[in-house]
Amino acid sequence: MLEIKLVRQNLAAVEAALATRGQSADLETFKTVDARHRQALQEVEELRHRRNVVSDEIARLKRAGAAAEAFVVEMRTVSARIKVLEKTLAETQEALSAILMALPNLPHVSVPVGKDSTENPVIKTWGRPPQFEFAPKAHWDIGADLKILDFERATKITGARFPLYFDAGARLERALINFMLDVHTREHGYHEVLPPFIVNRPSMTATGQLPKFEQDLFKLEQWDYFLIPTAEVPLTNIHRGEILDEDALPRCYTACTPCFRSEAGSYGKDTRGLIRQHQFNKVELVKYCTPEVSDAELESLLAQAETILVKLGLPYRVVLLCTGDMGFAAAKTYDIEVWMPAQGVYREISSCSNFEDFQARRADIRFRRKGKKGTELVHTLNGSGLAVGRTLAAILENYQQADGSVAIPEALRPYAGGMEALRP
RNA sequence: GGAGAGAUGGCCGAGUAGGUCGAAGGCGCUCGCCUGCUAAGCGAGUAUACUCCGAAAGGGGUAUCCCGGGUUCGAAUCCCGGUCUCUCCGCCA
């Protein structure tokens, strides 16, 4: 959420900034409702003050045994008026918050203006795509040949876009999870967390999935609960409504969780393989920090996610999302894209974002500076470190051999019981 | 699922014949004093949001004693609904 004062005082600038995101924010309604709200608020506060003063006076009179009936009668009118105004205020408040909750974050100054993913600049490329003396197979074919992935039976169990791993495939996924969590906790200072996979509406609202993107979520029938689309949601809500000590920052959490996404609107896209599933595992990284370091924390977050790919020897590139391609809550986002040989393209495997105070304001997460009065909003960041299913797919494709086997990256072998290759 | 108890400031914990309660007291913490050494004592301060005045320091106002609604001139205190926690019984991993 944007700060209401900022929107109020910079209507045109906010409108212009949001326009670069492809959002036509009509803030005229905001302007009129806000004015009405402020006027009613001023009046009601004056009346409440009057009521408080007179009520004290009535109490004093009664204690003294004097008559207070005149005041009581006057206050009846005042209270009635207050009640009317409070109703107005409740309405304007709700309208304002609905408008504000639907506005995306403002882009960071370093974010290039652009309309969609075709305008994302590539800022870094690492590793060389492997050269094959044969036609590289797609990971779903490799998975079928090795009998470690079975999408047909997954469809029987649930439906389209659900994963079913067997044997070395299941083992490899587990190895990747442990590997990633170990790197982030041991080398990058993250606290490991095992959070709930189902969260309530306030949590989803705090991180920005709600109210706008409910159609992207799986919702429980009988409860106002949702399956998490990413561990970002529970991890960022750990400190919702809290005031943290400056000393406690930056605070970093990592968790591996399944992620559930309805993938509404993506029918026909990536219909095969592990790339786009309704359920997938992801190791997530979340940071809470002070505002002055969040730019630097985004860079280190990106580097931490990259580490995994480097250790696994998977070629990748980093792109900086342009204004038109960024997610709702992000001020700045880097995507890491891994090389997928079969399609000959780079595919997103991590997304690292700085949300600045956008989520913190919705979630009411503050901190207190040492020796200073008052509180400030923290900045939150998160990134995938990494999407596990896509990582496994990338390993299958990049490490495939002419004989149909798949070599296991050196760094992963200790986690895979010393296994050196997957063989048919 | 059945029966009961409870939700107050960082923590503990007073506060129900409604007014003098933003809320006693204690602990913790901060600053100062004293003392002087792994202690004690003394004094002061110690919630958040919004808003107004002020250059600032600071001061004024409104709201918040789980949440929402009601009664009332006035509610932490009364009434209704909800949420959560705890105890006992049943059930289940």
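This one's a predicted model, so the numbers in the text were calculated from it and none came from an experiment. In what follows, every chain begins at residue 1, and chains take the letters A, B, ... in the order their sequences are listed. Heavy atoms only: backbone and side chains are in, while hydrogens, waters and symmetry mates are out.
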Is there a side-chain contact between [X] and the phosphate of [N], meaning an N or O under 4.0 Å from OP1 or OP2?
X: A:Arg76; N: B:rC73; answer: yes
X: A:Arg51; N: B:rU62; answer: no
X: A:Lys83; N: B:rU71; answer: yes
X: A:Ser79; N: B:rU72; answer: no

* Below 4.0 angstrom, N of the basic side chain to O of the carboxylate: do A:Glu376 and A:Arg366 qualify? ->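 A:Arg366 and A:Glu376: not salt-bridged.
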* **Salt-bridge contact A:Glu86-A:Arg48 (side-chain N to carboxylate O under 4.0 Å)** => yes
Could you measure between the two [atom1] atoms, the one in [N] and the one in [M], and give it in whole Å?
N: B:rG43; M: B:rG26; atom1: P; result: 11 Å
N: B:rA47; M: B:rG22; atom1: C1'; result: 9 Å
N: B:rU64; M: B:rA39; atom1: P; result: 44 Å
N: B:rU71; M: B:rA75; atom1: C1'; result: 10 Å
N: B:rC78; M: B:rC65; atom1: C1'; result: 16 Å
N: B:rU83; M: B:rC67; atom1: P; result: 16 Å
N: B:rC50; M: B:rC42; atom1: C1'; result: 39 Å
N: B:rA55; M: B:rG68; atom1: P; result: 37 Å

Rounded distance in Å - [atom1] ([X]) to [atom2] ([N]):
X: A:Asp224; N: B:rC67; atom1: CG; atom2: P; result: 20 Å
X: A:Arg81; N: B:rC73; atom1: CZ; atom2: C1'; result: 18 Å
X: A:Met1; N: B:rA49; atom1: CE; atom2: P; result: 14 Å
X: A:Arg368; N: B:rA49; atom1: CZ; atom2: C1'; result: 13 Å
X: A:Glu3; N: B:rA49; atom1: CD; atom2: P; result: 12 Å
X: A:Glu45; N: B:rC53; atom1: CD; atom2: C1'; result: 15 Å

* Measuring from A:His191:NE2 to A:Ile238:CD1, what's the distance to the nearest 0.5 Å? -> 10.0 Å
* Asked: When rounded to the nearest 0.5 angstrom, what is the spacing between OG1 in A:Thr307 and NE2 in A:His184?
  -> 7.5 Å
* **Flag for A:Glu337-A:Tyr316: side-chain donor and acceptor within less than 3.5 Å** =>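 No - no donor-acceptor pair under 3.5 Å links their side chains.
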* To do: Would you mind pulling out the nucleotide paired to B:rA5, Watson-Crick or G-U wobble, both distances under 3.5 Å?
  => B:rU85
* What nucleotide, of B:rU71, B:rU51, B:rU62, holds the atom closest to the side chain of A:Asn52? ->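 Side chain of A:Asn52 sits closest to B:rU62.
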* Of the nucleotides B:rU51, B:rC73, B:rU62, which has the atom closest to the A:Lys5 side chain? -> B:rU51
* Starting from the 5' end of RNA chain B, give me the residue, A:Arg8 or A:His49, whose nearest nucleotide shows up first. => A:Arg8
* **Whichever of A:Leu41 and A:Arg63 has its nearest RNA chain B nucleotide further upstream toward 5'** => A:Arg63
